[in-house]
Undergrad: 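What follows is a structure written as structure tokens; I'll ask about it next.
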Amino acid sequence: MAFMSGIDPSRDTQGEIDIIGATIPLAPANAAVNAGYVKFTNSSDKDVEFHNFTSPVYDSVEMHITENKSDTAKMKQVSNILVPANSSIELKPGGTHLMLIGPRRAVKAGEEVLMIAQDANERRFMLKFTVVDLRQDNAHNHDHKH
């Protein structure tokens, strides 16, 4: 919790950003990278532009987009993620997402991974990502009707 000790709700987070469905898919035990997905909804009349994400669980967190050119998908690092005023943006597979690089420890399904997002005005937003085992979720959601 020391990682979040600098967060001050009176000057950080401001309440204009809703953080919905923040998830990290469970990766193989020795994977060097993973991804983070989340939906940001901006209820304010000003754009919010994220410039930095950090987590005590990963050496670095990068912002990436997936570009499709000539039937080939390629990831590209970007310097910011813009959440337009009175709008939403969803970070999801095959689109904009967070690349989680260099895990410092293994994570388990159901665990919460803390992250801080910093915007262009140096305000900080606390995020809690839930680690999900997609193989387990898919098994439970399988429709057995034939």
Side-chain angles (χ1 to χ4, degrees), residues 1-70 72-141:
M1 291 310 282
F3 176 72
M4 296 296 177
S5 64
I7 295 293
D8 177 357
S10 68
R11 83 181 154 96
D12 291 322
T13 66
Q14 306 302 312
E16 72 263 24
I17 295 288
D18 288 325
I19 299 156
I20 303 160
T23 59
I24 297 171
L26 185 65
N30 47 358
V33 297
N34 202 345
Y37 307 113
V38 61
K39 181 177 181 179
F40 294 112
T41 298
N42 182 352
S43 59
S44 76
D45 59 357
K46 294 180 183 175
D47 294 347
V48 173
E49 192 172 308
F50 292 117
H51 282 265
N52 188 41
F53 289 82
T54 57
S55 173
V57 179
Y58 297 94
D59 290 337
S60 65
V61 179
E62 297 179 355
M63 297 167 280
H64 283 229
I65 60 170
T66 302
E67 294 180 333
N68 294 301
K69 293 182 180 177
S70 305
T72 304
K74 185 176 182 180
M75 284 190 300
K76 176 181 170 185
Q77 186 176 356
V78 294
S79 61
N80 62 65
I81 294 174
L82 177 70
V83 185
N86 297 303
S87 190
S88 296
I89 181 170
E90 187 170 2
L91 281 59
K92 59 186 177 181
T96 304
H97 58 280
L98 300 175
M99 288 297 299
L100 312 174
I101 301 166
R104 295 177 177 167
R105 61 173 179 78
V107 295
K108 299 177 188 132
E111 176 182 351
E112 284 188 341
V113 172
L114 302 177
M115 205 172 294
I116 292 178
Q118 191 170 23
D119 75 0
N121 297 317
E122 297 187 13
R123 291 179 303 160
R124 297 166 296 180
F125 298 78
M126 183 175 70
L127 292 79
K128 291 182 182 179
F129 284 76
T130 302
V131 179
V132 295
D133 186 343
L134 297 176
R135 297 167 300 175
Q136 207 171 49
D137 288 352
N138 288 339
H140 291 158
N141 293 330

Undergrad: What donor-acceptor contacts under 3.5 angstrom involve side-chain atoms of residues 17-25, with partners at least two apart or in another chain?
TA:
none

Undergrad: Atom CG in L26, atom OG1 in T130: separation rounded to 0.5 Å?
TA: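 Atom-to-atom, L26:CG and T130:OG1 are 12.5 Å apart.
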Undergrad: Can you sort out the partners of K108 under salt bridge (charged side-chain N to carboxylate O under 4.0 Å, His left out), two or more places apart, ordered by chain and number?
TA: none
Undergrad: Go through the structure and list residues passing ring pair (Phe, Tyr, Trp, His ring centres under 6.0 Å) with F50, not counting sequence neighbours.
TA: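 Result, ring pair (Phe, Tyr, Trp, His ring centres under 6.0 Å) vs F50: F40, F53, F125.
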Undergrad: Rounded to the nearest 0.5 Å, how far does CG of L98 lie from CE of M115?
TA: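 If I round to the nearest 0.5 Å, the distance is 6.0 Å.
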Undergrad: Just jot down the side-chain contact (heavy atoms from CB on, under 4.5 Å) partners of A106, sequence neighbours excluded, or say none.
TA: none
Undergrad: Please name the pair of heavy atoms, one in A27 and one in N34, separated by the smallest distance, quoted to 0.1 Å.
TA: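 Distance-wise, the nearest heavy atoms are CB-ND2, 3.4 Å.
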Undergrad: Scan for salt bridge (charged side-chain N to carboxylate O under 4.0 Å, His left out) pairs involving residues 51-66, sequence neighbours excluded, and state none if there are none.
TA: D59-R104
Undergrad: For residues 73-86, which side-chain N or O atoms pair as donor and acceptor with protein atoms under 3.5 Å away, sequence neighbours left out?
TA:
{"unit_1": "N80", "atom_1": "ND2", "unit_2": "E49", "atom_2": "OE2", "d": "3.4"}
{"unit_1": "N86", "atom_1": "ND2", "unit_2": "S44", "atom_2": "O", "d": "3.3"}

Undergrad: Return yes if some donor-acceptor pair links the side-chain N/O of N121 with the main-chain N/O of R123 below 3.5 Å, else return no.
TA: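 A pair under 3.5 Å: no.
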Undergrad: Determine whether S55 and L100 make a side-chain contact, defined as any pair of heavy atoms from C-beta on separated by less than 4.5 Å.
TA: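 No, every pair of side-chain atoms sits at 4.5 Å or beyond.
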Undergrad: What pairs with E90 under side chain to side chain donor-acceptor pair (under 3.5 Å), at least two apart in sequence or on another chain?
TA: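 By the side chain to side chain donor-acceptor pair (under 3.5 Å) rule, E90 matches no residue at all.
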Undergrad: Can you name the side chain to side chain donor-acceptor pair (under 3.5 Å) partners of S43, sequence neighbours left out?
TA: none
Undergrad: Distance check, rounded to the nearest 0.5 Å: K39 atom NZ versus K92 atom NZ?
TA: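 With rounding to 0.5 Å, NZ (K39) is 9.5 Å from NZ (K92).
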Undergrad: Of all heavy-atom pairs between A31 and P103, which one has the smallest distance, and what is that distance?
TA: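 Scanning both residues completely, I find the closest heavy atoms to be O-CG, 3.3 Å.
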Undergrad: Which pairs count as ring-ring contact (aromatic ring centres under 6.0 Å, His included) when at least one residue sits in residues 91-116, sequence neighbours excluded?
TA: H64-H97
Undergrad: Quick one: side chain to side chain donor-acceptor pair (under 3.5 Å) partners of T66, sequence neighbours excluded?
TA: none
Undergrad: Taking salt bridge (charged side-chain N to carboxylate O under 4.0 Å, His left out) as the test, write out the residues that go with D47, two or more places apart.
TA: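 With sequence neighbours excluded, D47 shows a salt bridge (charged side-chain N to carboxylate O under 4.0 Å, His left out) to no residue whatsoever.
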